[in-house]
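For clarity, every value in this text was computed on a predicted model and none was experimentally measured. Chain letters run A, B, ... following the sequence lines, proteins first and then strands; every chain starts at 1.
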Amino acid sequence: MIGRFDAKVPPGPLAQKWRNHRDHSRLVSPNNRRKFEIIVVGSGLAGGSAAATLGELGYRVKCFCFQDSARRAHSIAAQGGINAAKNYQNDGDSVYRLFHDTIKGGDFRSREANVYRLAETSNNIIDQCVAQGVPFAREYGGLLANRSFGGAQVSRTFYARGQTGQQLLLGCYQALCRQIAAGTVQMFPQTEMLDLVIVEGHAKGIVTRSLCSGKIERHAADAVVLATGGYGNVFYLSTNARGCNVTATYRAFKRGALFANPAFTQIHPTCIPVGGEYQSKLTLMSESLRNDGRVWVPKRKEDRNKAPGEIPETDRDYYLERKYPSYGNLSPRDISSRAAKEVCDEGRGVGPGGRGVYLDFADAIKRLGEHTIRERYGNLFEVYEKITGEDAYKVPMRIYPAVHYTMGGLWVDYDLMSNVPGLFVIGEANFSDHGANRLGASALMQGLVDGYFVLPNTLPNYLAGQMGKRPSPDSPEFRESEKDVRARIEKLLNVKGTRSVDSFHRELGLLLWDKCGMSRHEKGLREALKKIPELREQFWHEVRVPGDGDDFNQSLERAGRVADFLEFAELMCIDALERDESCGAHFREEHQTPEGEALRNDENHAAVFAWEFQGDGKPPILHREPLNFETVHLTQRSYK
Amino acid sequence: MNFLLRIWRQPNAKLRGKLVDYEVRDISPNTSFLEMLDILNETLVTGGTEPIAFDSDCREGICGTCSLTINGEPHGPDHPGAVCELYMRKFRDGATITVEPFRVGSFPLLKDLVVDRRALDRIVQAGGFISARAGSAPEANSILIPKYDADLAMEAAACIGCGACAAACPNGSAMLFTAAKVSHLSFLPQGHPERESRVLRMVSVMDAEGFGSCTNTYECEAVCPAEISASFIAKLNREYARAAVQRGAGE
Ligand SMILES: Cc1cc2nc3c(=O)[nH]c(=O)nc-3n(C[C@H](O)[C@H](O)[C@H](O)COP(=O)(O)OP(=O)(O)OC[C@H]3O[C@@H](n4cnc5c(N)ncnc54)[C@H](O)[C@@H]3O)c2cc1C
């Protein structure tokens with residue numbers, strides 16, 4: 001293995017670890033910073049905040065994204081909000097409680113020290129964003145407003161209408177623009193990273209392709225930061241943007257970085273149900289809606305085709321309120337999603353195909369008035385109407401779970417550095433904070449904590465020993481990597497088959513959703529592991545990628561990403577099979593409590609599963625990082 | 001549903017482009033406009049021809065990537081909304097639909113329906129930010145902002161940066177885009193220290209990028225997917241005049 005597989009959790013009491021660690025980390029002095037070049041791949045909340053902050057500190061930064069502007073990174077689409085332990089509502093919140101909720105929400109599969117740091121730093125994020133001019137919702141007295149999200153009994157979520165991600169990302173993008181103007185950050189939009197370059201065991205650069213001109217380039221640096229987001233699109237249909245991919249992290253995996261918990265994917269309970277075969281994405285209806293919406297299905301199968309208004313109260317099953325009285329409609333995502341699947345499997349689902357449940361605002365409108373609901377969620381209701389043609393102020397929304405977020409990602413230590421020295425991974429691209437299930441409004445928090453506050457404090461610890469070690473982009477490792485990238489592009493263009501890239505992607509997505517989706521079992525996973533290589537084989541014989549490599553070519557872009565998904569899907573299934581327990585979003589049907597909840601196996605599996613690439617066609621090697629819980633007591637999660 | 005599509009095809013900025021006719025059949029009314037183009041592209045690819053290049057990413061109206069002019073209207077007929085939020089049920093069965101890129105001098109064409117909108121980034125780089133170093137921010141609730149002001153700032157900040165305003169404007173003006181950013185930041189007390197330099201610099205870069213000037217046709221407001229109000233342009237003009245006067249007095 002390249003580098004070390006050591007979490008490097010600092011010693012000392014939990015609440016002091018981060019401070020102690022910073023007190024003893026190495027630094028780079030201001031006049032030396034400009035001698036270091038840092039590559040940041042990604043301009044979302046994680047990459048954008050990191051690039052801007054590192055630029056401001058005086059490093060020379062190159063930032064890459066595949067969109068035509070940094071502002072269009074997928075973080076822009078986040079709706080509901082961002083958590084912080086401010087306790088502005090005086091409702092009993094604290095850093096410890098946010099930490100504990102996150103560990104418990106993740107079903108005890110994350111690292112205590114990282115999660116504590118996340119909770120501790122969350123408050124700085126709100127301060128930082130307000131200072132940048134993020135227009136968070138406010139009360140009449142001018143103070144910041146809050147709402148609640150799933151998995152918490154406090155109101156700790158800050159929001160900007162239904163566009164929190166947009167506003168946070170614009171804050172970050174503007175900070176980035178300021179650095180671009182100042183000359184500390186050089187921005188490379190429409191430039192895709194296609195390989196990681198490792199020189200003498202350290203990550204020292206990348207190879208990219210311009211999506212406009214097709215030009216392949218080598219970029220050398222002193223450290224490489226991946227902030228490339230999640231891989232939910234491996235399922236084809238998801239709430240992610242079309243361009244979201246696994247390419248950057250998967251290429252790094254193939255160069256020796258460990259991939260942790262790839263099977264941990266979050267299925268979001270409140271999305272607009274699938275409509276037709278050519279649907280290109282699923283649209284999320286923010287979880288914040290569950291603050292005021294009540295989820296139900298008819299008690300009896302026979303009622304499922306009746307108009308909702310014709311089903312009296314007594315014939316409705318508000319199943320979340322019934323099964324989880326203390327959290328009710330705000331139960332965590334994995335639990336709510338599975339509960340929806342369960343009632344639909346029983347034949348009580350509503351809408352076309354019977355794969356849907358109601359999210360009903362009638363009570364809230366009666367209690368608060370339509371005006372208040374419009375103010376809170378107006379734009380979400382509009383989106384719903386555009387897509388379905390229905391007015392949710394009058395009839396309940398229909399929702400169904402959809403793939404949304406990936407807790408898995410490249411393995412990182414406490415410094416957010418992977419086992420490959422010099423390779424840092426932040427935001428959704430790493431595995432670090434959310435265990436087996438992420439709580440709502442915590443991804444935005446993590447991306448910004450990583451980029452504004454953690455990385456700028458941990459990166460110098462690595463850089464301090466690297467002065468003058470940046471290789472030339474003409475060194476053999478770079479040339480070799482460029483050769484590989486070119487060969488792969490040629491190979492894709494030369495298959496000259498008859499099937500479109502999307503048709504393979506759709507087929508892979510259906511297979512994964514069926515075998516490695518909301519619930520999994522050994523037999524299904526084994527079947528998937530047989531079918532995925534066959535599909536991959538077909539892809540390399542039958543795919544059609546028109547056009548050239550040295551041109552604007554969207555088919556080629558997509559083909560490269562789908563080719564990686566076709567390999568990565570196998571790793572996901574291997575991980576899902578190996579993790580012979582249920583935890584959080586990873587629900588193995590063989591392991592459930594009598595009430596049908598996820599049943600963990602702490603004795604054998606209280607660990608991070610980190611996979612090491614061994615070569616094409618060879619099974620990856622599993623490394624386990626045991627999770628030691630010093631503060632939290634492991635319990636069966638209960639939201640009753 | 002069946003449609004006749006007339007789509008702009010142009011291999012790159014150097015070669016000439018033209019409208020090419022395509023027929024699409026059996027499209028469900030619940031298909032989105034971009035999904036309809038996906039379906040067309042799929043048939044082009046399997047037939048061995050190059051698919052039509054068009055931009056999109058989030059497909060839910062927030063990233064601002066999609067940028068088509070449909071029957072002469074940026075983002076098509078279903079306002080407010082981006083093209084990705086347009087559904088085929090909005091069209092008549094058998095309709096002929098013309099699809100072109102955003103046509104603005106400052107947005108050079110890359111291929112088919114894709115244009116380069118980096119000029120908008122450069123306007124923001126000129127000053128569309130608040131200088132707030134990570135680590136220096138005061139406690140968030142120490143800055144009180146009346147709800148009314150915060151709401152107004154949010155309304156301006158909702159701009160998705162798609163550039164439809166400039167595409168709809170007969171003068172190719174990016175005033176609505178620039179006004180939205182200037183207004184967002186000047187409604188908030190945090191934006192006040194850089195208030196004058198921000199507006200002066202952003203407007204000067206906007207002009208230098210070759211965008212036209214505003215002659216109050218309100219076409220921008222009509223097509224804006226984020227419903228940015230043209231009244232922000234008046235706000236921009238006031239901010240600009242105020243800054244110019246102060247600058248003048250200072251000098
Ligand atoms: C619809 C939706 C709603 C959400 N709502 C919430 C919410 O309310 N609260 C919350 O906390 N979380 C929410 N999330 C989750 C959250 O938005 C994401 O987890 C988070 O924004 C990810 O940020 P990121 O910076 O890690 O990645 P992203 O924002 O995805 O950015 C990835 C960046 O990497 C670049 N990139 C990727 N691959 C390459 C490559 N190969 N080469 C070059 N560049 C590359 C992209 O161009 C982009 O700039 C939501 C997610 C979705 C899908």
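- Only the side chain of A/T53 comes within less than 4.5 Å of a heavy atom in chain B; its backbone stays farther off.
- Both the backbone and the side chain of B/D151 come within contact range of chain A, with heavy atoms under 4.5 Å apart.
- Only the side chain of A/S555 comes within less than 4.5 Å of a heavy atom of chain B; its backbone N, CA, C and O stay farther away.
- Counting only distance, with no hydrogens or angles, the side chain of A/R72 and the backbone of B/G161 share a donor-acceptor pair below 3.5 Å.
- For B/D38, the part lying near chain A is the side chain, with the backbone staying farther off; criterion is any non-hydrogen pair under 4.5 Å.
- Residue B/D112: no heavy atom, backbone or side chain, is found under 4.5 Å from chain A.
- Expressed to the nearest 0.5 Å, how far CD of B/E139 lies from CG of A/N124 amounts to 10.0 Å.
- A 6.0 Å sphere centred on CZ of B/R9 holds more than 12 heavy atoms belonging to other residues, nucleotides or ligands.
- In this structure, chain A has no heavy atom under 4.5 Å from any part of B/I27.
- Among the candidates A/Y278, A/F66, A/Y88, the residue making the largest number of heavy-atom pairs closer than 4.5 Å to chain B is A/Y88.
- Minimum heavy-atom separation, B/E227 to A/E382: OE2-OE1, 4.4 Å.
- Most heavy-atom pairs under 4.5 Å with chain A: of the set B/L86, B/V124, B/L185, B/T46, this distinction falls to B/V124.
- Using a 4.0 Å cut-off between charged nitrogen and carboxylate oxygen, A/R161 and B/E155 count as a salt-bridge pair.
- Here the side chain of A/Q554 pairs a donor or acceptor atom with the backbone of B/F54 at under 3.5 angstrom.
- When heavy atoms are compared at a cutoff of 4.5 Å, B/A158 approaches chain A by way of both its backbone and its side chain.
- Proximity of a side-chain donor or acceptor of A/Q67 to a complementary backbone N or O of B/T65 within less than 3.5 Å is not detected.
- Interface remark: B/K181 contributes side-chain atoms only to the contact with chain A (heavy atom separation under 4.5 Å).
- The closest side-chain donor-acceptor pair between B/R59 and A/Q279, if any, does not fall under 3.5 angstrom.
- Heavy atoms closer than 4.5 Å to chain B are found nowhere in A/E542, neither backbone nor side chain.
- Both the backbone and the side chain of A/S503 come within less than 4.5 Å of a heavy atom of chain B.
- Considering only heavy-atom pairs separated by less than 4.5 Å from chain A, the leading option among B/L144, B/N30, B/D55 is B/L144.
- Both the backbone and the side chain of A/Q132 come within contact range of chain B, with heavy atoms under 4.5 Å apart.
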Going through the distances and angles, do B/L34 and A/R242 end up as a side chain to side chain contact (heavy atoms under 4.5 Å, CB included)?
CA-CA 12 Å; B/L34 298 185; A/R242 294 274 284 173; over 6 Å; no

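- For A/N123, no part lies near chain B; criterion is any non-hydrogen pair under 4.5 Å.
- Taking CZ of A/R138 as the reference point, atom CG of B/N141 lies at 6.5 Å (rounded to 0.5 Å).
- The two atoms that bring B/M154 and A/A160 nearest to each other are SD-CB, 4.0 Å, heavy atoms only.
- Listed options A/F158, A/F136, A/F552, A/Y452 were ranked by heavy-atom pairs under 4.5 angstrom with chain B; first place goes to A/F552.
- Contact count against chain A (heavy-atom pairs under 4.5 Å) is highest for B/A53 among B/A153, B/P146, B/A53.
- Salt-bridge annotation for B/E42 and A/R544: absent, with no side-chain N of the basic residue lying under 4.0 Å from a carboxylate O of the acidic one.
- For B/K147, the NZ atom is densely surrounded, since the number of other residues' heavy atoms within 6.0 Å is greater than 12.
- With hydrogens and angles disregarded, a donor-acceptor distance shorter than 3.5 Å links the side chain of B/H184 to the backbone of A/G133.
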I'd like to know whether A/Q166 forms a side chain to side chain contact (heavy atoms under 4.5 Å, CB included) with B/I160, so could you lay out the CA-CA distance, the side-chain angles of the two residues, the decisive distance to 0.1 Å, and finally the verdict.
CA-CA 8 Å; A/Q166 180 198 30; B/I160 62 171; 3.8 Å; yes

When you look at B/R118 and A/Q190, which way does the side chain to side chain contact (heavy atoms under 4.5 Å, CB included) test go after all the steps?
CA-CA 11 Å; B/R118 291 182 199 180; A/Q190 283 163 311; 2.7 Å; yes

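- Options A/K86, A/R499, A/M187, A/Q79 differ in how many heavy-atom pairs under 4.5 Å they form with chain B, and the most are formed by A/K86.
- Among the residues in residues 186-194 of chain B, those with a non-hydrogen atom closer than 4.5 angstrom to a non-hydrogen atom of chain A are B/L188, B/Q190.
- Among the residues in residues 173-181 of chain A, those with a non-hydrogen atom closer than 4.5 angstrom to a non-hydrogen atom of chain B are A/Y173, A/Q174, A/C177, A/R178, A/I180, A/A181.
- Going from atom OG of B/S142 over to atom CG of A/D127 covers 7.5 Å, rounded to the nearest 0.5 Å.
- Under the 3.5 Å distance criterion, the side-chain polar atoms of A/D68 are left unmatched by any main-chain donor or acceptor of B/D116.
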Determine whether B/L120 and A/R71 satisfy the following criterion, side chain to side chain contact (heavy atoms under 4.5 Å, CB included), listing intermediate values before the conclusion.
CA-CA 11 Å; B/L120 297 179; A/R71 68 179 290 154; over 6 Å; no

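- Options B/A150, B/G64, B/G81 differ in how many heavy-atom pairs under 4.5 Å they form with chain A, and the most are formed by B/G64.
- Here the shortest heavy-atom pairing between B/D57 and A/G243 reads OD1-N, 2.8 Å.
- In this structure, A/P546 and B/T49 approach most closely via the heavy-atom pair CG-O, 3.8 Å.
- Note that the CD1 atom of B/I62 and the CG atom of A/N379 stand 8.0 Å from one another [nearest 0.5 Å].
- Proximity to chain B is absent for every atom of A/K496, based on heavy atoms less than 4.5 angstrom apart.
- A distance of 9.5 Å separates CD1 of B/I39 from OG of A/S280, quoted to the nearest 0.5 Å.
- Heavy atoms of A/L170 lying under 4.5 Å from chain B belong exclusively to its side chain.
- Considering only heavy-atom pairs separated by less than 4.5 Å from chain A, the leading option among B/R133, B/E85, B/E50 is B/R133.
- When all heavy atoms of A/C212 and B/L110 are compared, the pair lying nearest together is SG-CD1, 4.1 Å.
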Begin with the C-alpha distance, continue with both residues' side-chain angles, and end with the deciding distance and a verdict on salt bridge (Lys or Arg N to Asp or Glu O under 4.0 Å) for B/E60 and A/K386.
CA-CA 10 Å; B/E60 53 188 59; A/K386 283 219 164 209; over 6 Å; no

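- Contact of B/T31 with chain A is not made at all, since no heavy-atom distance falls under 4.5 Å.
- Options B/M36, B/R122, B/K111 differ in how many heavy-atom pairs under 4.5 Å they form with chain A, and the most are formed by B/K111.
- For A/P456, no part sits under 4.5 Å from any heavy atom of chain B, backbone or side chain.
- The most heavy-atom pairs under 4.5 Å with chain B, out of A/I387, A/I126, A/D502, come from A/I387.
- Only the side chain of B/R89 comes within less than 4.5 Å of a heavy atom in chain A; its backbone stays farther off.
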